[in-house]
**Student:** 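First the structure, which I've put down as structure tokens, then a few questions once you've had a look.
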Amino acid sequence: MIKFYKMKLKPLVEDLRWRGMLQDIMPGTEEQLSKEMTTAYIGFDPTSDSLHIGSLVPIILLVHLERAGHKPVALVGGATGMIGDPSGKSDERNLLDDEALAKNVAGIKRVLSRFLDFDGKEENAPMLVNNYDWMKNISFIEFARDVGKRITVNYMMAKDSVKKRFSGEDGAAGMSFTEFTYQLIQGYDFYHLYKTIGCKLQMGGSDQWGNITTGTELVRRMTPGEDAKVYAMTCPLITKADGGKFGKSEGGNIWLDTDKTSAYKFYQFWLNTSDEDAKKYIKIFTFLDRETIEELIKKHEEAPHLRLLQKKLAEEVTTFVHNKEAFEVAQKASSILFSDSFKSDIASLDEETFLDVFEGVPQAELKKEELAKGVDMIAALAAKTNFLSSNGEARRALQSNAVAVNKEKVNENYSLTEADLINGKYIILNKGKKNTYIIKAI
RNA sequence: GGGAAGAUACUCAAGCGGCCAACGAGGACAGACUGUAAAUCUGUUGGUUUUUACCUUCGCAGGUUCGAAUCCUGCUCUUCCCA
């Protein structure tokens, strides 16, 4: 049996290192992973009812793990979410109420199961757990005696996430006992998973290193005489070359859910990656092998204006997170919206394809009678459609030459008429290059 | 429990009786340039309005004043010092 797994295991750590997905790794981890099928887990915080691309890296890590022949466990923090992780925060976190939390946990489970088949039958099939399930039955006294006793406050205080909050530097606010407890609870998760399913490795973002090592320490101390060996590994936090926050785009987060971020927007986000970031991201966010990626980077450097790298990156990630069809539609929409022969391209689409392509683009309806009379541009942008939030904003956009009707720039005096309708039915508005809105005549 | 400081638009941060929709910085959005990139330069960044003007906003609630983000009183919250 052991031999069987040995044959199936792939060199995971080496690959992750090349991909730039390795920040810290505890000594012995690599040996453990090449020795036997290893169960490893990553925690997901239920701070929202869906996941955005910030969580894509841990998800991808779990998938890598599975593909390398190990057993990935996704832990949803139903219990830890009630406490709040102080890592990387300078202020005390607001607590979520039970209802919101339950909703978030369900949402995250739903998203995670798109990437990992939790119903799989294989030995190394992914597992989904919720730490609320075991934490809810533990009394405070029990916890204080069995867990709290094992770790000194001195040890806990030495963690950066805690130290920072005690130091008062950078305007950091104090820290409640609640948040202080967080690392113990997370550590207990590791112990619980070690005991119940033999989980030996915890992974996460590098901001989790402190919490994770508390876990490995706790496992060791809670199992005297067992010679328990558990490991830790983290990946770097994703950054942008220009120092901006990763994962934000015009108007907010990029989510992994179509109803929060359309596949078109999702595709566009990746397509707009800068050259420098694209080289980094393609290793992290795609499963392409080393040879393919190095070839792509070489080609890209020869002709950066073709943006081969961005296109491939966008294709791979959109296909992974959504699916092939969604990618194709997004690509088609992109190529039409940014083409030079926009008008003829768009006119050639039948209605079904048209709606398909523009699914996810904000739409509004306008009566044909109104169009017959002519609709003032300001009203068309704001009052009639709510594309922009106020007349003032619409006016500013028009004055700064940002608005286009069917890709032709217009000014304040323009008014929409039936002559602007494409196929007698639609008008396409743009604010800037990248914001598209559709008016449907009814 | 005692004392001190503070709360200003997305964030940081000026302003300390009229000239304040509120300096400045960052961010964001847009324009030019380009490759739907980066860098750079320019503009915008409470609402109604063509402009003027008006309305709402400076923790919350009252008050003083012709007039308050600016003064007074109470409340809430935060930080710091002493016990």
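Naming: A, B, ... by sequence-line order, numbering from 1 per chain.
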**Student:** Looking only at atom P, what distance separates B/rA13 and B/rG18, rounded to whole Å?
**Tutor:**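 About 24 Å, rounded to a whole number of Å.
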
**Student:** From OH of A/Tyr437 over to C1' of B/rA30, roughly how many Å is that when rounded to an integer?
**Tutor:**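 Taking atom C1' of B/rA30 as the reference, OH of A/Tyr437 is at 11 Å.
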
**Student:** If you take atom types as modelled and just measure distance, does the side chain of A/Lys433 reach the base of B/rU34 with a donor-acceptor pair under 3.5 Å?
**Tutor:**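 By the distance-only test, yes, there is a pair.
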
**Student:** Is the distance from the ring center of A/His322 to that of A/Phe266 below 6.0 Å?
**Tutor:**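 Yes, the ring centres sit under 6.0 Å apart.
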
**Student:** Measure OH/A/Tyr264 against P/B/rU36 and give the value in whole Å, please.
**Tutor:**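 Interatomic distance, OH of A/Tyr264 to P of B/rU36: 13 Å.
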
**Student:** Once you apply a heavy-atom cut-off of 4.0 Å, does A/Asn391 come out as touching a base, just sugar-phosphate, or nothing?
**Tutor:**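 A/Asn391: backbone/sugar contact only, no base atoms under 4.0 Å.
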
**Student:** Check this one for me: any side-chain N or O of A/Ser390 less than 4.0 Å away from OP1 or OP2 of B/rG47?
**Tutor:**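 So the side chain of A/Ser390 is within the cut-off, an N or O lying under 4.0 Å from OP1 or OP2 of B/rG47.
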
**Student:** Below 30° counts as parallel, above 60° as perpendicular, anything between as tilted: where do the rings of A/Phe287 and A/His64 land?
**Tutor:**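 Correct class here is tilted.
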
**Student:** With a 4.0 Å cut-off, would you call A/Glu217 and A/Arg220 a salt bridge?
**Tutor:**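 Between A/Arg220 and A/Glu217 there is a salt bridge, with a charged N closer than 4.0 Å to a carboxylate O.
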
**Student:** For A/Leu313 and B/rG35, what is the distance between atoms CG and P respectively, to the nearest whole Å?
**Tutor:**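 My rounded result for the distance is 21 Å.
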
**Student:** Identify the pairs formed between an N or O of the protein and an N or O of nucleotides 23-26 of chain B at a distance under 3.5 Å, and give each distance.
**Tutor:**
none

**Student:** Start at the 5' end of RNA chain B and walk down; is the nucleotide closest to A/Ser335 or to A/Gln399 reached first?
**Tutor:**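 The 5'-side residue here is A/Ser335.
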
**Student:** Run the salt-bridge test on A/Glu30 and A/Arg17 with the 4.0 Å N-O cut-off and return the result as yes or no.
**Tutor:**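 Yes, this pair counts.
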
**Student:** Taking atom C1' in both B/rA7 and B/rC16, what distance in whole Å separates the two?
**Tutor:**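 Per the computed distance, 15 Å lies between those C1' atoms.
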
**Student:** Closer than 4.0 angstrom, basic N to acidic O: yes or no for A/Glu412 and A/Arg395?
**Tutor:**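 Between A/Arg395 and A/Glu412 there is a salt bridge, with a charged N closer than 4.0 Å to a carboxylate O.
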
**Student:** For a quick test of reading the model: is some side-chain N or O of A/Lys409 closer than 4.0 Å to OP1 or OP2 of B/rG31?
**Tutor:**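 So the side chain of A/Lys409 is within the cut-off, an N or O lying under 4.0 Å from OP1 or OP2 of B/rG31.
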
**Student:** Side chains of A/Gln331 and A/Glu315, heavy atoms from C-beta outward: is any pair under 4.5 Å?
**Tutor:**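 Not touching, per the 4.5 Å side-chain cut-off.
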
**Student:** For B/rU8 versus B/rC23, give the span between their P atoms, rounded off to a whole number of Å.
**Tutor:**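 Each nucleotide's P atom is 16 Å from the other's.
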
**Student:** One thing to verify: whether A/Lys260 and A/Asp49 come together as a salt bridge, which I'm taking to mean a side-chain N less than 4.0 angstrom from a carboxylate O.
**Tutor:**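 Looking at A/Asp49 and A/Lys260, the cut-off is met.
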
**Student:** Are A/Phe285 and A/Phe246 near enough that their ring centres are under 6.0 Å apart?
**Tutor:**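 Yes, the ring centres sit under 6.0 Å apart.
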
**Student:** Can you tell me if the side-chain N/O atoms of A/Lys434 get under 4.0 Å from OP1 or OP2 in B/rG31?
**Tutor:**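 The answer is no; no side-chain N or O of A/Lys434 sits under 4.0 Å from OP1 or OP2.
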
**Student:** Using the P atom as the point on both nucleotides, what is the distance between B/rG17 and B/rC72, in whole Å?
**Tutor:**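 Comparing P positions in B/rC72 and B/rG17 gives a spacing of 11 Å.
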
**Student:** Taking CZ from A/Phe269 and C1' from B/rA37, how many angstroms apart are they, rounded to a whole number?
**Tutor:**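 To the nearest whole Å, that distance equals 13 Å.
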
**Student:** If the C1' atom of B/rA22 is compared with that of B/rA14, how far apart are they to the nearest Å?
**Tutor:**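 To the nearest whole Å, 10 Å.
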
**Student:** Is a salt bridge present between A/Lys279 and A/Glu301, judged by a nitrogen-to-oxygen distance below 4.0 Å?
**Tutor:**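 Counted as a salt bridge, because a side-chain N and a carboxylate O are separated by less than 4.0 Å.
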
**Student:** Tell me the interatomic distance from A/Glu412, atom CD, to B/rU49, atom P, rounded to whole angstroms.
**Tutor:**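 Computing the A/Glu412:CD to B/rU49:P distance gives 12 Å.
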
**Student:** Within the structure shown, what part of the strands sits under 4.0 Å from A/Gln310 by heavy-atom distance: base, sugar-phosphate, or nothing?
**Tutor:**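 Base contact.
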
**Student:** How would you label the contact of A/Asp275 with the nucleic acid (heavy atoms, under 4.0 Å): base, sugar-phosphate, or nothing?
**Tutor:**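 Base contact - A/Asp275 has a heavy atom under 4.0 Å of at least one base atom.
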
**Student:** Is A/Arg114 paired with A/Asp257 through a side-chain N to carboxylate O contact shorter than 4.0 Å?
**Tutor:**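 Counted as a salt bridge, because a side-chain N and a carboxylate O are separated by less than 4.0 Å.
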
**Student:** What distance, rounded to whole Å, do you find between the two C1' atoms, one in B/rA4 and one in B/rU48?
**Tutor:**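 Roughly 45 Å separates the two C1' atoms.
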
**Student:** Would a 4.5 Å heavy-atom cut-off, applied to side chains only, mark A/Phe180 and A/Leu184 as touching?
**Tutor:**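 No, side chains not in contact.
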
**Student:** Does NZ or CZ of A/Lys240 come closer than 6.0 Å to the centre of the six-membered ring of A/Tyr281, within 45° of the ring's axis?
**Tutor:**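 Negative - A/Lys240 is either too far from the ring of A/Tyr281 or too far off its axis.
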
**Student:** Strictly below 4.0 Å, N to O, side chains only: are A/Lys373 and A/Glu369 in salt-bridge contact?
**Tutor:**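 Judged by the 4.0 Å cut-off on N to carboxylate O distance, A/Lys373 and A/Glu369 do not form a salt bridge.
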
**Student:** Between A/His300 (NE2) and B/rG35 (P), how many Å, whole number?
**Tutor:**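 That distance rounds to 13 Å.
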
**Student:** For RNA chain B, what string of dots and brackets results from 5' to 3' when Watson-Crick and G-U pairs need both distances under 3.5 Å, crossing pairs get [ ], and pairs with another strand get |?
**Tutor:** ((((((((.[[[..)..(.....]]]((((((.......))))))(((....)))...[[[[[..)....]]]]]))))))).

**Student:** Find the distance A/Asn401:CG to B/rG31:P and express it as a whole number of Å.
**Tutor:**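 One finds 7 Å between P of B/rG31 and CG of A/Asn401, rounded.
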
**Student:** With a 4.0 Å cutoff (strictly under), does any side-chain N or O of A/Asn435 reach OP1 or OP2 of B/rA30?
**Tutor:**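 Yes, such a contact exists.
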
**Student:** Less than 4.0 Å between a side-chain N and a carboxylate O, is that true for A/Glu316 and A/Lys312?
**Tutor:**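 Looking at A/Glu316 together with A/Lys312, the answer is yes, because their closest N to O distance falls below 4.0 Å.
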
**Student:** In whole angstroms, how far is the P atom of B/rG46 from the CZ atom of A/Arg395?
**Tutor:**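 From A/Arg395 CZ to B/rG46 P: 15 Å.
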
**Student:** Please list, for nucleotides 52-54 of chain B, all pairs of protein and nucleotide N/O atoms separated by less than 3.5 Å.
**Tutor:**
none

**Student:** Below the 4.0 Å mark, does B/rA30 have OP1 or OP2 next to a side-chain nitrogen or oxygen of A/Arg396?
**Tutor:**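 Answer is no, no contact under 4.0 Å.
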
**Student:** Expressed as a whole number of Å, how far does the C1' atom of B/rU70 sit from that of B/rG63?
**Tutor:**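 One C1' to the other, the span is 15 Å.
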
**Student:** Looking at B/rU36, does its base get a donor-acceptor pair with the side chain of A/Gln268 below 3.5 Å?
**Tutor:**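 A donor-acceptor contact between them is present.
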
**Student:** So what does A/Arg307 hit on the nucleic acid, given a heavy-atom distance under 4.0 Å: a base, only sugar-phosphate, or nothing?
**Tutor:**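 Base: the residue A/Arg307, judged by heavy atoms under 4.0 Å, touches a nucleobase.
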
**Student:** Can you check the distance between B/rA21 and B/rG15, where both ends of the measurement are the C1' atom (answer in whole Å)?
**Tutor:**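 About 13 Å, rounded to a whole number of Å.
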
